[in-house]
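Before any comments, here is the structure.
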Amino acid sequence: MTEGYAIELTVNGRQVSAEVRADETLLEFLRTQLRIIDAKSGCGKGDCGTCTVLLDGLPVKSCIVLAASADGKDVKTLSGMQNEPLVKALQESFVTHGAVQCGFCTPGMILTAASYLNEHKNPSRDDIRRALSGNLCRCTGYKKIVDATQAVARRNE
Amino acid sequence: MTETSITLTLNGKKKTLRVRPNELLLNVLRDRLFLTGAKYGCGIGECGACTVLIDGRPALACLTLAVAIDGKEVVTVEGLARGDELDPLQEAFLDHGAVQCGFCTPGMIMTARSLLDENPSPSEEEVREYIRGNICRCTGYTSIVSAILSCAQEKEGA
Amino acid sequence: MYKMRYAAPRTLTEALRLLGEEREGVYVVAGSTNVLPDLRAKKIRPSLLLSIEKLGELKGIHADGDVVTVGALTTINELLASRDIELNAGILHQAAQRFADPLVRNRATIGGNLANASPAADSAVPLLALDAVLDICSARGEREVPLSSFFTGPGKTVLERDELIRAVRFPSDSENQKAFIKFGLREAMAISLVSVGVELRIQKDEVAYARVAFGAVAPTPMRGFRTEEFLVGKKLTAEVLDEARQVASREVRPISDVRATESYRRHISGVLLGRAIKMALGGGMS
Amino acid sequence: MNAQNQTNTRLLLPEFEYLRPETKAEALHFLDQHRDKNVHILAGGTDLIVKMKTGALSPRYLVNVKDIKELSGVRQINGALHIGAVTTLAALLRLPAIRSGYSALYEALRSMAAPAVRNMATVGGNLCNGSPAADTAPALMVLGTVCTLSSVAGERRLKLCDFFLGPGRTALLPGEMLTELLVDGVRPDSGSSFLKIGRVSADIAKVNIAVYLERDGDRVADCRVAVGSVAPTPLLLDSVVSFLKGSTMSRQVLSEAGRMVEDAIAPITDARSTAEYRKAISRILAEEAMQAAWVRSGGEVPR
Amino acid sequence: MSGVIGKPMPRHDAWAKARGDVVYADDFSLPGMLYGKVLRSRYPAARILSIDTKKAEALPGVHAVLTAKDVPNNETVTKFGQSRDVGSGFEGMYRVLADKKVRFMGEAVALVAAETERIAQEALELIEVDYEPLPGVFDPEEAARPGAYPVGESESNVIARYRIRRGDADEALRHADVVIEGTYRVPFVDHAYLEPESGVAWLDENGVINIRVSTQVIEHFRGVAAVLGVPHNKVRIIGTFAGGGFGGKEDITVETYLALLVRKTGRPCKMTWTREESILSHSKRHPYVMRYTTGAMADGKIVALKADLISDAGAYVYLSPWVLMYSAVNATGPYEVDNVDITAMTVLTNNTFTSANRGFGAIQPNFAYESQMDELARRLGIDPLEIRRINCIKKGSTMSTGWKIDRYVALPEVAERAREALGEPTSMPAPWKVGIGVAVGMMSYGRLMFLHDTSRSHVRVEMDGSVTVRCGVPDIGGGQSSSLCQIVAEELGVDMSNVNIYVSDTALTPLAGTTTATRQLYMSGNATLKAARELRGRLLSKAAEMLGVSSDRLDLKEGSVIVEGETRRLPLVKVIAACANEGQELFSEAQFNAPFCEVPDLSDIKGQIFPDFTFGAHAVEVAVDTETGMTRVLRIVSCYDVGRAINPLSAEGQLEGGAIYCMGYALMEEVVMDRGITRTPSLSEYLIPTSADAPDVTCIMLEYGDGLGPYGAKGLGEPSCNSIAPAITNAIYDAVGVRIKSLPATPEKVLRAMKGDL
């Protein structure tokens, strides 16, 4: 048992106030309280990156972020960014490059790629590999993911 | 509005939960306790689809404040069957084809149940009189009335 | 029944007050990258999670003249982005690049990494090599502790229950030559098998000043005092370097676990020391 | 969207504070305390909750008096009935004394709503609701019911016929609550009856009528006639009374009385019926009701 | 042909996945849903003396606590979606909940259903189990000895023994110019799909238990029904888009537990395993000890091959006998050897049970025989490609079982093409040393023929010319359902976007068998092709009638019927309307049957037991850090005869994914079992490749069109990860001259091989 803690935050552009447990993770909060499902739970301890969300614009692993510490912050998941040109471009690129197989890593992968490409204009393949190295994929072997990301980076130049 | 904590006996089990004054018993049963037997039909006490037993007597959950049932006993249609064994009334409804779309059935059965508890051997008129608050749109009532009567005891001396 | 509360004070005074009052089981949280797995694994059962995230006083990097001060709440990615760190503490910059993964770097803080006191803590090794000092504060007052005497065991430090790390300080001596190397079993998200940091100053071909630190080869991140001692005053010939490797391999105190055996870790410690020295000197060997 | 479309009867939208007094005194105290703050009494809720759902009412305070023991149940004190205001219609129906001695009330109750509603609705609620069509009203009026109105200041008594002021309006003052109904004991050679016309069974009345008669041989010694839902309030028809009193019961007398009832009322046309129909039907109801009461008082079926 | 076959195509499911809109198993909830949790054994081997559930049951919010006694048929037989009874050691006993004996750490002992996951978790801790720890046995060779600790109820822990003999191996070895001997070991491996096991189940108005679950095998509904003791048609399984499978979701995971909890509570119930639970208690890839002896003449011709294969089945039988069958038949690899002696054995231990994993028993011997081939080449001073040229099977060759290969064999061509594409070696400064390695592989697609495998598919044209497909194929991310859409689009000449498919529902879609054994494109692809062609024929003959031409001059393109050599076009909708008007069926449902055979004599396996093989090769370049033993894979070339690439994008996806999947097998992946206790319980100890570890994989796809799948396609899912491991260890040998015979080739292993003691 832990006592509730009241938080107010913005989730995908929506003002949200809620009560969370002291030990509630941001991921648990998003999935069970707000029923936002595009952030996945793959390992529960920050080893896989399927739970990636943007916290005040920075990609983080929401399964190791306290929901309470998102108080006053801005949280974005992929489903809240469908209209951002860069995200759209990445989604399109992932689809056409065949970078999506089982799809479980895809939302987190695209979020990480998007926030990286926001900062970095013409990254090398290795830069991209390092940037995405916190997000595991077990299906693709990463090549098509790097291809897809690089293609968008080139377009941004 | 101040939330208050209420305790009731629901289908034989004690339950304690916090409710807001303007929560209706029907919505608490359906949305919070997931007992969806009682149905919303009209919301103003005209159709009887939300009938449950409060302290043993049929009442309308759509017009009952959840706060107001603190300390009371509530039985819903889910509380009627014992495990896999249906209540004789439920059996009778099945046997007499008294169930068509089934939406009125839970309320109907709760009302009928309390009729038979009050009056084990009602006449057909008494049955029709008693269930008049439970609207059925499919059956034309005949099969329902005969189902209920089939559960009635023989009048002594008759 | 076990209860746990959460508090996120906005001022240091408030935080220290809470920290002082809470007799038992207060657990300080910054980036929370460790606390949640530990909670789930029931390694900890605090009665209060005290989040210091909102304490502005613990943020920011300042390089004034010859001292660099890094607020305890500085995230690893903030370190990476800092020009001051890149210039005055390249070794810390290098370590940050190999720290966990890009996402965790957005949450993990330098103070948290040190307070967590993992033997493999990647930020501790370069800071040891940099002779860093910790500013520690409590409601009772302030004190400073050299990082080299901060760790007392796996997950253990000299921090009192009511104390917080406020900042990390180290001299910004850009003349000294420094290098950090991390050896893990994977390119990212890898716990160090061995990590090494060195800081050297060469005068007239001889080592005038040496700081050596190792990670993941002892119960705590450790200074390589014997290795330092050996190096000082020597001319860095291939033979000396070879010997230095041996000294290092003997000095470290690793264990065998699922990742590697003790003897392999000793070997790697030596190898990495040699490489770090070469890196530090830009390959310019006599 | 107009207001009608916006009402959502799945939910109870108004927000209010809920008060649950244990005793009458406590209830009266609450009523007094919030007298100017839009406080309403909740008993059975079958009318109040509907009004709140449809937006006709949005009280700030609800005082639930349903569970106050001293306000519920019926006591018989030297013949007279003392009916607690929160006694449910079902409870009254189950009372042998009412079935045997107070036919008008019994028939009114029988005609009302459905068992489930009668288990919830209270007699006090039915009256305080102030509906012109309230079925218990004419019945209780002809039975000469006196109500007890209580407040922190004390109690006052009022004839039920003076209780109704208009649709939804009663003689209750702020801070006041109907606590008890007093109905005289049953006189010898008396009888009463209630009749109503609705659209379907258990419907709200188009017209309802109650009659009370005391018989002296073949003469009407005393009587009361009340009609519902033909005027802003239930009415006692004095004209008919003065005509009947003392007259010898006969077919002609009945039909004359019936005609007088028809003349005496000025109903309106609404969704449930037209003025013409109400007038026409009230005459017939009146005759049947008077005859039934007469027979119950021991009289011969008039010829 | 309107030609969508062979074109790189975005998969129909890709967009929803890229948007995060796909509702995976754990993303789904129902009103009133309870959460299920499993209490797992703390010991690998123990006797359960008592279980006290009172405290747990008393916890508010707990709705059910179940133990073995609450399971109607707790001991049942493992089935794997096969509709044919193949008894004879292929279908072993397993327990739903541990009873009496606990066989492995993490075995399910009790189930809890509660109103929240947290309450369920709390309840687990209130269940008191009294264990008497037992010694257990953890090494298969030890377990196989007489008198060893009995893992199960029978004395012997040996589940299955096979033998394959051809000629006289011992005799031939005596006359061989060179004999290579070696013992090769491969470890426990976790599938590490990113989606942990999960499902939601509920009871419907027909008393049917519906289970919406992430699985490769919806046909486990029969097994679940058997446990509950209810008719098959009272259990319905709906497969979700799975977040990866790789064989790990081939066995039952949460299904039975959910069914039991729903049956008990009458409430919907969700169960999702933690990653720790997943690693602890779902199946692992079989560790093997493989003793190989290969004899060859000086000219490089192999004259004899002896192999003794021992696999660790773990605590329960599951698929071990089948996996072993693959190993035995694949033990000689794609080489024609006249004298062969293969013995194979799989043994129960108190380790986590082992079962299917991408490569299914073919991949383990592949590491052994390709290491031997490389060593043989070195020993004889023959180029590794040359020695394969000399020995590889070709069309008409006879395998060790006497099966005559009657289809095209692209060997050693795939190896040569791969090696060639590697190009010039990279140069790297000391202490790095660079080396290259090549390995070939073969693996079957389609299930063992004695299972008499079948698949069904249903295709329906709508009045507006759009098409609806229904096929019970579980989609685990390989594009299983998308390729079916493509086949239909091809045959009916409509756009991919006009084809909508419903998959993976035992009640509503025609049963298509399992998504295992690299069989879906082959089996369901053919079933769908058959159905689509029948419909096509019906439409064309109607069109022929309408146009007054013979139907063989007609084709379907872009929603129209076109006439050969004419500009006339008849809109498809017109034809459909005409058919509908006459009451012709606008749908077609077809079944495809694989070739069948009988269960072979296990003591002397003979003949053909697989429908066909896929052949491929990997060429890799590695750099080895000679001071640390660290290996970096610089480049991987994967060359396969894919038969026909239905969707090159998906085919490449398999080749690239498969290569990296088993690059991890070669270099870093191992579930470390320490006397039955998992020492790598999470993804921070069990390391799989990150993007920073994975090099780009260059894919070369040869299309000889001689496969058994639609349009001559072959299966790729599993074959794609074959031969990468030996290619890497061969490259390590090329770089630093040490041969790693035990996977994974960790830096420490490599360094020790180079330096001996450190």
Side-chain angles (χ1 to χ4, degrees), chain A residues 1 21 28 31-32 35-50 77-79 82 87 90-111 125-126 128-147, chain E residues 8-11 13-24 26-29 117-118 191-196 241-246 272 274-276 475-479 647-650 652-653 655-661 663 682-684 688-697:
Chain A
M1 255 297 291
R21 308 160 50 101
E28 188 183 359
R31 285 184 67 85
T32 57
R35 294 241 175 265
I36 292 174
I37 57 165
D38 51 297
K40 309 293 179 194
S41 176
C43 70
K45 52 194 288 288
D47 294 331
C48 77
T50 56
T77 75
L78 185 65
S79 55
Q82 306 290 18
V87 169
L90 279 162
Q91 290 170 325
E92 174 111 43
S93 189
F94 269 58
V95 169
T96 51
H97 283 83
V100 178
Q101 284 192 34
C102 88
F104 205 74
C105 72
T106 311
M109 199 65 86
I110 286 178
L111 269 183
R125 290 185 77 80
D126 282 349
I128 293 170
R129 288 184 181 285
R130 254 179 267 110
L132 301 180
S133 61
N135 296 78
L136 293 177
C137 170
R138 191 61 155 165
C139 297
T140 63
Y142 302 103
K143 178 169 184 286
K144 292 190 184 320
I145 289 174
V146 177
D147 293 344
Chain E
M9 289 249 164
R11 276 163 38 182
D13 54 323
W15 257 112
K17 286 173 173 178
R19 291 174 51 87
D21 292 344
V22 168
V23 180
Y24 293 90
D26 182 63
D27 301 341
F28 182 77
S29 295
E117 191 173 358
R118 288 174 184 273
H191 311 76
Y193 28 70
L194 289 179
E195 177 204 40
F241 269 115
F246 313 114
T272 301
T274 64
R275 175 60 61 179
E276 289 76 4
D475 193 313
I476 63 172
N647 181 350
L649 221 47
S650 294
E652 281 173 14
L655 295 185
E656 293 165 7
I660 300 305
Y661 187 88
M663 181 190 88
S682 83
L683 290 181
S684 48
I688 66 174
T690 73
S691 52
D693 297 276
D696 283 340
V697 177

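Every value quoted in this text rests on a predicted model; they were computed, and no experiment measured them. Computed over heavy atoms, backbone and side chain alike; hydrogens, waters and symmetry mates excluded. A note on names: the letters A, B, ... follow the listed sequences, proteins ahead of strands, and every chain is numbered from 1.
- In this structure, the side chains of E:Asp13 and E:Val22 stay at 4.5 Å or more apart for every pair of heavy atoms.
- The part of A:Thr50 that comes within reach of chain E is its side chain, from C-beta onward, which places non-hydrogen atoms under 4.5 angstrom from that chain.
- When heavy atoms are compared at a cutoff of 4.5 Å, A:Ser41 approaches chain E solely by way of its backbone atoms N, CA, C and O.
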Kindly indicate, with the supporting measurements, whether the criterion side-chain contact (heavy atoms from CB on, under 4.5 Å) is fulfilled by E:Val697 and E:Leu655.
CA-CA 8 Å; E:Val697 177; E:Leu655 295 185; 5.7 Å; no
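- The side-chain heavy atoms of A:Ile36 and A:Ser79, taken from C-beta on, include a pair separated by under 4.5 Å.
- Taking chain A as the reference chain and counting heavy-atom pairs below 4.5 Å, the highest number among E:Ser682, E:Gly479, E:Ala16, E:Gly658 is found for E:Ser682.
- What you find for E:Ala192 and E:Leu683 is that their closest heavy atoms are CB-CD2, 4.4 Å.
- Proximity to chain A (any heavy atom under 4.5 Å) is restricted, for E:Phe246, to the side chain, taken from C-beta onward.
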Check the pair A:Gln82, A:Gln91 against side-chain contact (heavy atoms from CB on, under 4.5 Å), reporting the backbone distance first and the verdict last.
CA-CA 9 Å; A:Gln82 306 290 18; A:Gln91 290 170 325; 2.7 Å; yes
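- The candidate with the highest count of non-hydrogen atom pairs below 4.5 Å against chain A, out of E:Glu652, E:Arg11, E:Glu656, E:Met663, is E:Glu656.
- With a 4.5 angstrom heavy-atom cutoff, E:Ser684 touches chain A via backbone and side-chain atoms both.
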Using the side-chain contact (heavy atoms from CB on, under 4.5 Å) rule, take A:Cys48 and E:Arg275 through it: C-alpha gap first, then chi angles, then the decisive distance, then the call.
CA-CA 10 Å; A:Cys48 77; E:Arg275 175 60 61 179; 5.9 Å; no
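- Both the backbone and the side chain of A:Phe104 come within less than 4.5 Å of a heavy atom of chain E.
- Put simply, the side chain of E:Asp27 reaches to within 4.5 Å of the side chain of A:Lys40, judged on heavy atoms.
- Side chains of A:Arg125 and A:Asp147 form a contact here, defined as non-hydrogen atoms less than 4.5 Å apart.
- In this structure, chain A has no heavy atom under 4.5 Å from any part of E:Thr272.
- At a 4.5 Å heavy-atom cutoff, E:Pro8 makes no contact with chain A through either its backbone or its side chain.
- Using a 4.5 Å cut-off between heavy atoms, A:Lys144 contacts chain E through both its backbone and its side chain.
- Interface remark: E:Glu117 contributes no atoms to any contact with chain A (heavy atom separation under 4.5 Å).
- You'll find the side chain of A:Cys105 stays beyond 4.5 Å of the side chain of A:Asn135, heavy atoms only.
- Of the two parts of A:Leu136, the backbone and the side chain both hold a non-hydrogen atom closer than 4.5 Å to a non-hydrogen atom of chain E.
- Most heavy-atom pairs under 4.5 Å with chain A, from the set E:Asp26, E:Asp693, E:Thr274: that is E:Asp26.
- Among the candidates A:Gly46, A:Cys43, A:Cys102, A:Gly141, the residue making the largest number of heavy-atom pairs closer than 4.5 Å to chain E is A:Cys102.
- At a threshold of 4.5 Å between non-hydrogen side-chain atoms, the residues E:Glu276 and A:Lys45 count as touching.
- Neither the backbone nor the side chain of E:Ala659 comes within contact range of chain A; no heavy atoms are under 4.5 Å apart.
- Looking only at heavy-atom pairs under 4.5 Å with chain A, the residue among E:Gly477, E:Ala692, E:Ser691 that has the most is E:Ser691.
- Listed here is the closest heavy atom pair of E:Tyr193 and E:Gly245: CD2-O, 3.2 Å.
- Heavy-atom distances place the backbone of E:Ile476, and not its side chain, under 4.5 Å from chain A.
- Proximity to chain A is absent for every atom of E:Phe241, based on heavy atoms less than 4.5 angstrom apart.
- For the set E:Gly478, E:Pro196, E:Ala18, the entry with the most heavy-atom pairs within less than 4.5 Å of chain A is E:Ala18.
- Per-residue counts of heavy-atom pairs under 4.5 Å with chain E were compared for A:Leu132, A:Thr32, A:Asp47, A:Asp38; the largest is that of A:Asp47.
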